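Everything numeric in this text was worked out from a predicted model, so none of it was measured.
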Number of protein chains: 2
Amino acid sequence: MNAKGKILIADDEPDIVEIIRYNLNKEGYEIVTANNGDDAIQKAKLSQPDLIILDIMMPRKNGVEVCEILRAQPAFKDTVIVFLTALSDESSHVKGLETGADDYISKPVSPKILVSRIHAIFRRINKEPEEKVIKIDNLEIDPVKFEAKVDSKAVVLAKKEFELLYLLASKPGRVFLRNEILNQIWGNDVIVGDRTIDVHIRKIRQKLGIDCITTVKGVGYKFTM
Amino acid sequence: MNAKGKILIADDEPDIVEIIRYNLNKEGYEIVTANNGDDAIQKAKLSQPDLIILDIMMPRKNGVEVCEILRAQPAFKDTVIVFLTALSDESSHVKGLETGADDYISKPVSPKILVSRIHAIFRRINKEPEEKVIKIDNLEIDPVKFEAKVDSKAVVLAKKEFELLYLLASKPGRVFLRNEILNQIWGNDVIVGDRTIDVHIRKIRQKLGIDCITTVKGVGYKFTM
DNA sequence: ATATTGAGTTCACAATTTGTTAATATGAAG
DNA sequence: CTTCATATTAACAAATTGTGAACTCAATAT
């Protein structure tokens, strides 16, 4: 079977590694394993996985350290990193998310949950391989250059503003619920107030100078030209 | 709003139940509650929820026991069961996953996280009730864009108006009783006067400019072209 | 290291829209 | 011509979004 994606599993407990390896392999993923921090870093560099599952508690650099080191390298800027945490490990978990992990999975691992989470992550990854320029009328949005143009004149948008605009413009006309927007731009578990979206919307409207975002009261926002 | 799914919440702490109930109800889920294990089992059988949220520590059968009992029945083989665990509750948690729970949520509950998890679960289990465009003659209703068109000319409808029109148009010719309409659009437990429906109907007629909703005196309304 | 900058967020409150009700009119059926 | 259910209208209440200012925090420059 053609591999759906490459996953690096790093944990010092062989049993855990084996459970995860078995279940994910069964699902068609290509698996690489490591049993300590240094090993994880080396294997990561060698095999360039799409996803890295890191145990927090590991000998020779713990998961958080590994994550920090990898994240500092351009090659791993976009690699999805998921932590394995023991439930007692709350503080590490918080730390983990701060460090740039994309998700966490609690031990003991339920194979069912594990597999569905991993699937979800890959769905998310694969969904946006097509970072392409959006052109609608006199508006142009280039996600690669991270730049928007109105009448060929560049408009400087902040990151969140840009992401928000790109999201809305990616499906013109379609209404995005506030919740959808939060999930897409901020992530599932990030908590921000409701007014925050409005403020960003306002800034986009302000900066672009054209009326391309329509409010659908009680529902959300949509891009319209 | 049309109920997105039915959720049973079982916890002996009324405050917790209320928080969860409030937040999920706001999101359009239909909520049933129970405050002990036996109650939970009975309510589950009666209301056949799509998802069950079980507190682990409950009087008269704890969450794990309830889960085991339900799982033993064919009717609940595929029902999603989620545990509520206090952080201190580790051993129970482990037991829970072994028993066949699909996920767990830690107390104290953060409403935002709760909601996004529940959404995620429903996305996973839902066969996506296919929100699709309705086209009848020169009328077009697009629930994704949240937009209605008459002769290709957009008509701006408010949320309730749109929902009502979409409901009626989803089954042309069929008469919807006033009670049905109330349940579908407002929800079972919301109380609004009878005139409210009339007013919305009137606005729809007014805005669309075409006569597509027929009054069936003493019964309800139906969509006709 | 410290200062500076600006993105991102939040807050209080204004502005606006939507939803509901109450009062009255209309119109068909008996 | 009464009755009953719905239609209409305007006034009111509730919900939602827009706005300006302040604040936090991290990245960047000094």
- Message: Please check this pair: side chain of B/S47 against backbone of B/K43, looking for a donor-acceptor N/O pair closer than 3.5 Å.
- Response: yes
- Task: Report yes if a side-chain nitrogen or oxygen of B/T196 is closer than 4.0 Å to either non-bridging phosphate oxygen (OP1 or OP2) of C/dT21; otherwise report no.
- Result: yes
- Tightest non-hydrogen contact, residues A/I204 and A/E161, listed as CD1-O, 3.3 Å
- Message: Assuming nearest nucleotide by heavy-atom distance, tell me which of B/V199 and B/K207 is located more 5' along DNA chain C.
- Response: B/K207
- List in chain and number order the residues that pass side-chain contact (heavy atoms from CB on, under 4.5 Å) with A/E140, two or more places apart in sequence or in another chain; answer none if no residue qualifies. A/V133, A/K135, A/K149
- Could you verify whether a donor N or O on one side chain and an acceptor N or O on the other, from A/D151 and A/N138, lie under 3.5 Å apart? yes
- Query: For the pair made of CG in A/D194 and P in D/dA15, what is the distance, rounded to whole Å?
  - Reply: 14 Å
- Message: If the cut-off is 4.0 Å, is B/Y221 near the phosphate of D/dA5, judged by side-chain N/O to OP1 or OP2?
- Response: no
- Measure from the side-chain heavy atoms of A/K203 and tell me the nearest of C/dA7, D/dG18, C/dG19. C/dA7
- Item | Within 45° cone and under 6.0 Å: A/R178 NZ/CZ vs A/F176 ring | no
- Query: Given C/dG8, is OP1 or OP2 found less than 4.0 Å from the side-chain N or O atoms of A/W186?
  - Reply: no
- Item | N/O (side chain, B/R178) to phosphate O (OP1/OP2, D/dT6) under 4.0 Å | yes
- Message: Is B/R202 close enough to D/dT9 that one of its side-chain N or O atoms is under 4.0 Å from OP1 or OP2 there?
- Response: yes
- So, is B/H200 near the phosphate of C/dT20, with a side-chain N or O under 4.0 Å from OP1 or OP2? yes
- Note on the structure: Of C/dT20, C/dT17, C/dT10, the nucleotide closest to the side chain of A/K217 is C/dT17
- Item | Gap between atoms CD1 and P, on A/I213 and D/dT17 respectively (whole Å) | 14 Å
- With rounding to the nearest 0.5 Å, note down the distance linking CG in B/L54 to CG in B/D11. 9.5 Å
- Could you state the CZ-P distance from A/R195 to D/dG18, rounded to the nearest angstrom? 8 Å
- Distance in angstrom units between B/L182 CG and C/dT21 P, rounded: 10 Å
- May I ask you to evaluate whether B/T215 reaches the phosphate of D/dA5, defined as a side-chain N or O under 4.0 Å from OP1 or OP2? no
- Query: When the distance from CD1 of A/I191 to C1' of C/dT10 is rounded to whole Å, what number comes out?
  - Reply: 14 Å
- Item | Atom-pair distance (CG on A/L157; P on C/dG6), nearest Å | 15 Å
- Starting at CG of A/D198 and ending at C1' of C/dC11, how long is that distance when rounded to a whole Å? 13 Å
- Closest to the side chain of A/V192, out of C/dA7, C/dT9, D/dT17, is C/dT9
- Note on the structure: Regarding the side chain of B/K160, the nearest nucleotide among C/dG8, D/dG18, C/dT20 is C/dT20
- Task: Output yes when at least one side-chain N/O atom of B/R205 is less than 4.0 Å from OP1 or OP2 of D/dA7, else no.
- Result: yes
- Message: From CD1 of B/I201 over to P of C/dT18, roughly how many Å is that when rounded to an integer?
- Response: 17 Å
